[in-house]
Amino acid sequence: MSQPMSAAVSTDTQGRIGIITLHNPPVNALSKAVRTGVRDAMTHLLQDAAIDAVVISSDIGLFSGGADISEFATGDVEPPLPDVLELIEQADKPVVAAINGPAFGGGLELALACHYRVAVTGVKVGLPEVHLGILPGAGGTQRLPRLTNVETALNMIVSGQPAAVQSLSGLTDALVDTPEALLETACNLAQAAVGKPIPRTSDKSVAAVPDGFFEGFRKSVARQTRGFYAPERCIRAVEASLELPFEQGLEREGALFMECMKSPQARAQQHFFFAERAAGHVADYDRDTPTRPIARVGIIGAGTMGGGIAMNFANAGIPVRLLEIKPEALEKGLAVIRRNYENSARKGKLTEAQVEQRMALLQGTTEYADLADVDLVIEAVFEKMAVKKAVFEQLDAVCKPGAILATNTSTLDVNEIARATSRPGDVIGMHFFSPANVMKLLEVVKADDTQPDVIKTVMQLAKTIKKVAVLVGVCFGFVGNRMIEPYSREANRLLLEGASPQDIDRVLYEFGLPMGPFTMGDMAGLDIGYFVRESRRDAIAHDPSYCVVADKLVEAGRVGLKAGRGAYRYEEGNRTPIPDPEVLDIARQEAERLGVQQRDISEQEILERILYPLINEGCKILEEGIASKASDIDVIYVYGYGFPIYRGGPMHYAETIGLDNILTALKGYQKQLGQYGQDWFTPAPLLENLAASGQTFAQWAKQRSQS
Ligand code: 3H9
């Protein structure tokens, strides 16, 4: 008879085996109720003379997603997870973990503390704490090296990547093929262990590693861990498993865990964990809103963007019709996709058979009529309103009723595009980021008439194609590109005032971005920004200093890497940017012409001048309702623009600096800027309000939703 210890944990018996079952949907997080429940259940079963052994299992699809991250902020750790696991490991009756589904973080640590582990083949296990800015703090860094080996443990803990349970030699004592067979096998194993010496992981020793192993490992991960605080602490904790006896190793792990937990990076990364999930909580639809089935997709344009978008669907097993008007362009597009897949195969990421399966899902066409039966069509043609409208008129004529018509525009008015059709309710923006087959972000743009079921369908479809979708409203550039505008504008203005491209790039690289604005601009092509400026000269005409150096560079043929010259120069066949005095000369001449005094500019000023206007724009975007939450902006910037995740995104970063400090700095720069550019620094009313009231973005959003 099953006895609930708490709503989240129950006990049952099978003969002389006690079974503890976790039930804390959605992920069996090890919240206070679960830790208390497991501790009480263990204590009860260990005292029960009718019980010889214990099995710990789960009755939801996961074994456990680990510690309850939402409890970290409360500071309530009682009963501490390490103490509960100590109780399990020191039990004088054998304890078996029955791992039915994913076991992550504290969930895997729970299993590691048991005396035996049985798992379903294929289940993923991992210690992803590093992604939350912390390390496994319930014995994972000491027990995993003892059960597997140091190298496996280091790789798992520092990368945070999960592995299939069967690939981890030493971890499990038995594997079963189906979840149905698990409990019986676990109970049999428990029964067979009765009366035998109890194999405690803490009693095992760690196999030695060659001299210099840890230094070699540090070097091998230096690039991907640049700027992060937790990975080095993870390494030190695993080192302790070799250097110290188990108990002292646990203490060292605990101390390193607390160091990480107190770091601003942990707060930022945990903020981001919830931000990413909150992006999927959208007020425009609810549980009852239907979705439209998407079995076949059409894509207009087989260029870099269209091809990348098409690959996402083929990767997810969804057939695609790829349309180009010119057969040569179509052939070229399909050939590029094949080459991309073949490169992946060469790197061992795909098999030859998978390449062929994916290519078979991509059917080229030059006829709009072939899109008559698709459920969703995504347009990825030249970024000009007239061209887009012509495409949507054609789609309106050929697509079946109910088909979703999406545009991949990165700047244009989706309402105007929707009005080119007789069915604006079916029109939506799907703004992919380049390269579209790699970048995780998808800005989903709702226009005035977009129907809730269309929004819900596209938001859910994003998950199917492994994108993180953020719903945004219509304005020039939506969220991401609108905010990048002040970022590049100020970088250019600083160049005019005397900072060099390499100074500016270095400051942003050290802040944590993958590269600074000038290296990025050269890679993308400076002509792209130039064309955008050409299309909005009216809006910028009042400021003759606006990106003036960038304009001069383009006009001198310095369009970036592809020309071997941009904000830097490049040697033939080499992508390394080389500082070029000619660029500084151009900046000097322009400064003289405009009466701008060149000077030495501090690193702090460079950072603030570039990031604070971007944050200010974020505030305007929030106030206008273009983004519904500050955390959505953070998700867009981390996944779309490489903003360092350990700073939580620009809006979280703003709160760590203090909104009042940002406001003061903006006002200071506004005064300092002189004749040109002052208006760009006008603080957003929302920033003024929050700085005055001391409210956070989240508190403001909550208040707004209630009013
Ligand atoms: C740890 O264990 C520390 C220990 O070493 C030491 C302690 C002393 N806690 O992702 P989903 C929520 S640190 C609280 O959409 P999926 C999530 O916010 C932990 N909540 O589902 C969402 O809520 P909502 C180490 C959590 O099926 C809902 O559950 N563990 C937690 O796509 C569904 O989540 C990790 O880092 C949690 N641990 O993926 C694993 N996990 O519906 C973190 C999820 O309100 N979790 N939620 O938006 C994951 O990676 C994925 O959630 C998982 C399921 C793969 C488990």
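All residue numbers in this chain count up from 1 along the given sequence. This structure is a prediction, so every number in the text was calculated from the model and none was measured.
Considering only heavy atoms from C-beta on, Met261 comes within 4.5 Å of Gln270 through its side chain. Taking 4.5 Å as the limit, every side-chain heavy atom of Ser159 sits out of range of all side-chain heavy atoms of Gln224. The shortest side-chain heavy-atom distance between Leu441 and Lys467 does not fall under the 4.5 Å cut-off. With a 4.5 Å cut-off on side-chain heavy atoms, Phe213 and Glu151 count as touching. The shortest distance between side-chain heavy atoms of Leu132 and Ile69 falls below 4.5 Å. When side chains are defined from C-beta on, Ile157 counts as touching Pro136, because their heavy atoms get closer than 4.5 Å. Using a 4.5 Å cut-off on side-chain heavy atoms (C-beta onward), Leu256 and Leu135 make contact. Here the side chains of Met439 and Phe432 are not in contact, with every heavy-atom distance at 4.5 Å or above.
In this structure, Asp177 contributes its side chain and Thr121 its backbone to no donor-acceptor pair below 3.5 Å. No donor-acceptor pair closer than 3.5 Å links the side chain of Lys219 to the backbone N or O of Phe214. A donor-acceptor pair under 3.5 Å is absent between the side-chain atoms of Ser167 and the main chain of Ala163, judged by distance alone. Side chain of Gln166 to main chain of Gly122: a donor-acceptor pair is present (N/O by atom type, distance under 3.5 Å, no hydrogens or angles). Between the side chain of Thr13 and the backbone N or O of Gly15, no donor-acceptor pair lies under 3.5 Å. Put simply, the side chain of Gln269 gets close to the backbone of His131: a donor and an acceptor are under 3.5 Å apart. Without hydrogens or angle criteria, Arg233 side chain to Ala255 main chain gives no donor-acceptor distance under 3.5 Å. A donor-acceptor distance shorter than 3.5 angstrom exists from the side chain of Ser64 to the backbone of Asn28, with no hydrogens or angles considered. Lys196 places a side-chain N or O within donor-acceptor distance of the main-chain N or O of Ala192, the cut-off being under 3.5 Å. Within the 3.5 Å criterion, the main-chain N or O of Ala29 finds no donor-acceptor partner in the side chain of Asp68.
Rounded to the nearest 0.5 Å, atoms OG (Ser202) and CG (Leu250) are 8.5 Å apart. Here the OH atom belonging to Tyr646 is positioned 12.0 Å from the OG atom belonging to Ser263, to the nearest 0.5 angstrom. Rounded to the nearest 0.5 angstrom, Asn315 CG and Gln354 CD are separated by 9.5 Å. Atoms CZ and CG, on Arg117 and Leu110 in that order, are 10.5 Å from each other to the nearest 0.5 Å. From His281, atom NE2 reaches atom OG of Ser631 across 10.5 Å, with rounding to the nearest 0.5 Å. Atom CD1 of Ile99 sits about 14.5 Å away from atom NZ of Lys124, to the nearest 0.5 Å.
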Derivation of the side-chain contact (heavy atoms from CB on, under 4.5 Å) call for Arg146 and Phe246 = CA-CA 10 Å; Arg146 284 178 162 77; Phe246 183 77; 3.7 Å; yes
Before giving the answer on side-chain contact (heavy atoms from CB on, under 4.5 Å), spell out for Met651 and Ile633 the whole-Å C-alpha distance, their side-chain angles and the decisive distance to 0.1 Å.
-> CA-CA 7 Å; Met651 307 314 271; Ile633 299 178; 3.8 Å; yes
Could you please spell out the steps behind the side-chain contact (heavy atoms from CB on, under 4.5 Å) verdict for Leu242 and Val209?
-> CA-CA 9 Å; Leu242 262 172; Val209 293; 3.6 Å; yes
I would like to know whether Arg35 and Glu71 meet salt bridge (Lys or Arg N to Asp or Glu O under 4.0 Å); could you show each step before the answer?
-> CA-CA 12 Å; Arg35 297 192 306 275; Glu71 280 183 358; 3.0 Å; yes
Criterion side-chain hydrogen bond (donor to acceptor under 3.5 Å, both in side chains) on Asn155 and Thr152, from CA distance to verdict = CA-CA 5 Å; Asn155 280 324; Thr152 303; over 6 Å; no
Intermediate values then yes/no, side-chain contact (heavy atoms from CB on, under 4.5 Å), Val458 and Met430 = CA-CA 8 Å; Val458 171; Met430 289 178 77; 3.8 Å; yes
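Note that Arg647 lies outside the cation-pi zone of Phe643, set by a 6.0 Å cut-off to the ring centre and a 45° limit from the axis. For the pair Arg277 and Phe273, the cation-pi criterion (under 6.0 Å, within 45° of the ring axis) is fulfilled.
At a cut-off of 3.5 Å, with distance as the only test, no side-chain donor of Asn312 or Lys466 sits close to an acceptor on the other residue. Between the side chains of Tyr341 and Asn437, no donor-acceptor pair is found at a separation under 3.5 Å. Glu253 and Thr141 form a side-chain donor-acceptor contact under 3.5 Å, judged by distance and modelled atom types alone. One side chain, Ser31 or Asn24, offers a donor N or O that lies under 3.5 Å from an acceptor on the other. Side-chain contact annotation: Thr43 with Asp40, donor-acceptor N/O pair under 3.5 Å absent. Inspection of the Asp59 and His23 side chains reveals an N or O donor paired with an N or O acceptor under 3.5 Å. With 3.5 Å as the limit, one finds a donor-acceptor pair spanning the side chains of Tyr639 and Glu276. Using a 3.5 Å distance cut-off with no hydrogens or angles, the side chains of Asp76 and Thr74 do not pair a donor with an acceptor. Side-chain contact annotation: Asp286 with Thr289, donor-acceptor N/O pair under 3.5 Å present.
Considering all non-hydrogen atoms of both residues, Val123 and Pro102 come closest at CG1-N, 3.9 Å. Closest heavy-atom contact between Thr148 and Ala153: OG1-N, 4.2 Å. Closest approach of Ala190 to Pro94, counting heavy atoms only: O-CG, 4.2 Å. Annotation for Pro79 and Thr36: closest pair CD-OG1, 3.4 Å, computed over non-hydrogen atoms. Of all heavy-atom pairs spanning Gly280 and Tyr285, the tightest one is O-OH, 4.0 Å. Taking both residues in full, the closest heavy atoms of Val238 and Ser241 are given as O-OG, 2.6 Å, listed atom of the first, atom of the second, then distance.
A salt bridge links Glu232 to Arg218: one of the charged nitrogens lies within less than 4.0 Å of a carboxylate oxygen. Arg292 and Asp375 are not joined by a salt bridge, as no carboxylate oxygen comes within less than 4.0 angstrom of a charged side-chain nitrogen. Ion pair Glu78/Lys32 not flagged as a salt bridge, since none of the NZ, NE, NH1 or NH2 atoms sits closer than 4.0 Å to an Asp/Glu carboxylate oxygen. Using a 4.0 Å cut-off between a side-chain N of Lys or Arg and a carboxylate O of Asp or Glu, Asp632 and Lys629 qualify as a salt bridge. Ion pair Arg143/Glu89 flagged as a salt bridge, since at least one NZ, NE, NH1 or NH2 atom sits closer than 4.0 Å to an Asp/Glu carboxylate oxygen.
For residues 349-358, the set of pairs meeting the salt bridge (charged side-chain N to carboxylate O under 4.0 Å, His left out) definition, not counting sequence neighbours, comprises Arg338-Glu356.
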